[in-house]
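On a predicted model such as this, the values are computed, not experimentally measured, just so you know.
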Amino acid sequence: MGSTSAENKGTGVGRRDLIKRSAALGLVSVPAMGFLSACASGGGDDQKKAEAGEKSAKNPLAVNDSAQMEFVLFDGGFGKEYAEDAVKLYEKAFPKAKVKFAATQKIQSTLQPRFNGGNPPDLVDNSGAEQMDMGVLVGKKQLADLTPLLDAPSYDDPNKKVRDTLRPGIVEMGQFDGDPVWILYYAYTVYGNWYSQKALDSLDAEYPKTWDEMIAVCKKAKKKGMAGWTYAGKYPYYIPFSMSPMIGKVGGREVLDAIDNLEPNAWKHPAVKTVFEAWYELYKGGYILKGTPGLDHIQSQTAWAKGDALFIPNGSWVENESAKVIPGDFGLAVSAPPGIDDGDKMPFGTIWASGGEPFIVPAKAANGSGGMEQLRIMLSEESSKNFTSKVKSLSAYNGGTDGIELTPGLKSGVAALELAGDNVVNPRMQDWYVQLQKEKIGVSCLGEMMAGRMTPAETIKKIQGYADEAAKDSSIKHYKHQ
C-alpha cells in the first residue's frame, strides 16, 4: 500500500494523481456530555463581588488584599505542583487573603452547576476530557475579558505590559471575534508524532518525511514485533494532533481555515481525502497496535513507552504525563507529520504548535481581579521557569528557559519549532467547537475509521454532515479566521 492510495486496489495511481483528479471533479471515547449546553444557562443568584483594592505599582489590578481567591485547576498531564507554587507567591503578596485551591479532572461536572448558579471560582484551568465548551462560554458572555491583565505591567518589568512578554499567537488564540481576549493559554504545546529515537535507531531507520517512507518504517517495525502506531482509542480526538497539520501540509493553511470556518464542503477537499486514505492504510496494513481502540490516553502512552508501538499522536505534555513509564534511554522525540510528496503546499516540518492549558476568569467571579493577578504571577519569569523545569513544557511566557537543562522531549520540541519556522499551523476547532471536535469528529468518525468500522469516504461524508449541522445551528456561536 505504500505507493498507492488505500482504495485504488493496486492499480498504480499515485496519491498525487488522486489529488489532481479529485480537484478536477470539485471534490479528518468520551461519553456524550452535552457540551453545547454546558454553562449555557445563567440562572441563580450571582455572588457578591469583592470590593476593589488600592491600585499601586505592586498591585496594578487593584486586588482586594483581604478577599478570598478561588482557583480550580485541571489535574492532568502537568500535575498541580506548578500551580501550587504560584499560589504561594500570591499568598506572599497578599498575606491577609485566603486562597482556596483545588485540582480535579472533573472540570465540567464540578463547575457547570456553579457557572449556572452564578457562583463560579475566580480562576479556572478549563482543560481535559471534561473541558467546558469555550465557544459556548464566550457566546453566553460567561467569561471576563482579560484585556486588563494583558495591559497591566508585567510582573518582572513594569515598563513592559504582560501582553508584550507572551509568545507569538497567545493573545490571538484567546480572541474569538473582535478585540476582547477571553482565554489565556498558559502552556505552549507542540503537537505531532512522538516516538523513541532509540527504537527508530534499532530499526536502522530515519524519521519518515513522506507517507511512503512512513509505511516502510511501519513494515520494518512490524517485522520486529512492534506496531507502527497506537493512539488514545477512547479519546480519538488526539488523532488530529498529527492528522490536521498533515492536511495543512498537503493542501495548505486555507484548508484548515475552511474547516474551522465550517465552510460548505470543506471536509471534501482533496487534501482531506488523501490524508484520510493515508491514515487508513495504517489500519489496513495491520500497523496499529492490537486493542488500541479500547485504550485510553494513559494506557496507549504506557504501551508506547514500553516499546509496543513506535509512534503516537500527542502533545508535549506527554513527556511529563508519562514520565514514570518512559525509560531513561528512550530518546523521546517529536517530529512534524510526513507529507505525500513534493507537490504538497507546505514544506516538511509544518507542525501544529499553539497555546495549551486554557485559563479563564469567569464573568461572575467574586474576585476576578484576584484571578487575573494569579495569572500575572504565573506569567513571571520565576513561575515560567518553575513550570518548564517541573512539567517539561514551554509556557506562554516568551523566555524562561535560560539556565534550565532541557529534557529530551522539550529539546526535540524546540528543534521542531525551529525547523518549522513560519510553517506553524493552529487549527481552532478544538476550542471553537468542542462537542463537534471531540464527540462527533473524534469519537463518532475518526475513532470508527481507524478501528476499521468506516471507510475514509464514509467518514468524510459523516463529518461533513456534522459540520453542516453545526454551521446551521443558530444556538451555536460561530467564529471565523480573521
Side-chain angles (χ1 to χ4, degrees), residues 30 33-35 38-39 42 44-50 61 63-134 136-137 142-144 146 149 182-187 297-298 317 320-321 356-380 383-384 386-387 390-391 393 395-396 434:
V30 294
M33 299 172 57
F35 285 96
C39 307
D45 298 327
D46 299 349
Q47 59 189 335
K48 184 179 179 181
K49 298 272 187 178
L61 294 171
V63 176
N64 183 323
D65 65 1
S66 61
Q68 175 179 283
M69 192 276 289
E70 185 179 2
F71 179 2
V72 177
L73 182 86
F74 169 65
D75 191 3
F78 294 136
K80 59 184 179 180
E81 189 175 353
Y82 79 94
E84 291 172 330
D85 291 343
V87 165
K88 291 175 184 176
L89 295 177
Y90 184 98
E91 292 173 328
K92 183 178 179 181
F94 305 104
K96 292 187 291 184
K98 177 184 177 183
V99 176
K100 186 177 180 182
F101 175 81
T104 179
Q105 293 189 359
K106 304 290 186 180
I107 292 295
Q108 187 200 28
S109 55
T110 300
L111 296 184
Q112 179 181 339
R114 295 188 56 187
F115 270 76
N116 292 345
N119 63 332
D122 304 306
L123 180 62
V124 178
D125 173 17
N126 182 31
S127 190
E130 280 205 28
Q131 179 188 59
M132 294 178 286
D133 192 313
M134 295 295 192
V136 172
L137 292 172
Q142 294 199 320
L143 300 185
L146 300 179
L149 163 67
W182 307 109
I183 307 161
L184 192 290
Y185 288 86
Y186 186 66
H297 60 302
I298 297 299
W317 63 77
N320 190 61
E321 194 168 56
E357 220 61 23
F359 281 76
I360 55 177
V361 174
K364 294 181 180 179
N367 186 12
S369 58
M372 291 191 198
E373 177 63 17
Q374 180 68 82
L375 277 175
R376 194 174 78 97
I377 290 170
M378 291 169 66
L379 291 168
S380 66
S383 287
S384 179
N386 187 55
F387 176 78
K390 285 187 174 175
V391 310
S393 173
S395 79
V434 174

Student: Are there more than 12 heavy atoms of other residues, nucleotides or ligands under 6.0 Å from atom NZ of Lys390?
Tutor: yes
Student: Could you grab the distance from atom CD of Gln112 to atom CD1 of Ile107, nearest 0.5 Å is fine?
Tutor: 12.5 Å
Student: Indicate yes or no: at least one non-hydrogen side-chain atom of Met69 is less than 4.5 angstrom from one of Phe94.
Tutor: no
Student: Any side-chain heavy-atom pair from Trp182 and Leu137 closer than 4.5 angstrom?
Tutor: no
Student: How long is the span from the CG atom in Leu123 to the CD atom in Glu373, to the nearest 0.5 Å?
Tutor: 11.5 Å
Student: Could you tell me the separation between the CG atom of Leu184 and the CD1 atom of Ile360, rounded to the nearest 0.5 Å?
Tutor: 11.5 Å
Student: Just say parallel, tilted or perpendicular for the rings of Tyr82 and Phe78, cut-offs at 30° and 60°.
Tutor: perpendicular
Student: Using side chain to side chain donor-acceptor pair (under 3.5 Å) as the criterion, list what pairs up with Asp75, not counting sequence neighbours.
Tutor: none
Student: Hey, what's the ring geometry for Tyr186 with Phe387, parallel, tilted or perpendicular (30° and 60° as the breaks)?
Tutor: perpendicular
Student: Using 4.0 Å as the upper bound for N to carboxylate O, is an ion pair formed by Glu91 and Lys88?
Tutor: no
Student: Determine yes or no for a side-chain-to-main-chain donor-acceptor pair under 3.5 angstrom, with Asn126 supplying the side chain and Met132 the backbone.
Tutor: yes
Student: Working to the nearest 0.5 Å, report the span between CG of Leu375 and CZ of Phe71.
Tutor: 7.0 Å
Student: So, Arg114 and Glu70, do they make that salt bridge, N to O below 4.0 Å?
Tutor: yes
Student: Is it the case that more than 12 heavy atoms not belonging to Lys98 sit under 6.0 Å from its NZ atom?
Tutor: no
Student: Excluding sequence neighbours, so at least two apart, what forms side chain to side chain donor-acceptor pair (under 3.5 Å) with Gln68?
Tutor: none
Student: Within this structure, what is the CD-CD distance for the pair Gln131 and Gln108, rounded to the nearest 0.5 Å?
Tutor: 10.0 Å
Student: To the nearest 0.5 angstrom, please state how far the NE2 atom of His297 sits from the CD atom of Glu321.
Tutor: 4.5 Å
Student: Checking Ser393 now: which residues fulfil side chain to side chain donor-acceptor pair (under 3.5 Å) with it, not counting sequence neighbours?
Tutor: none
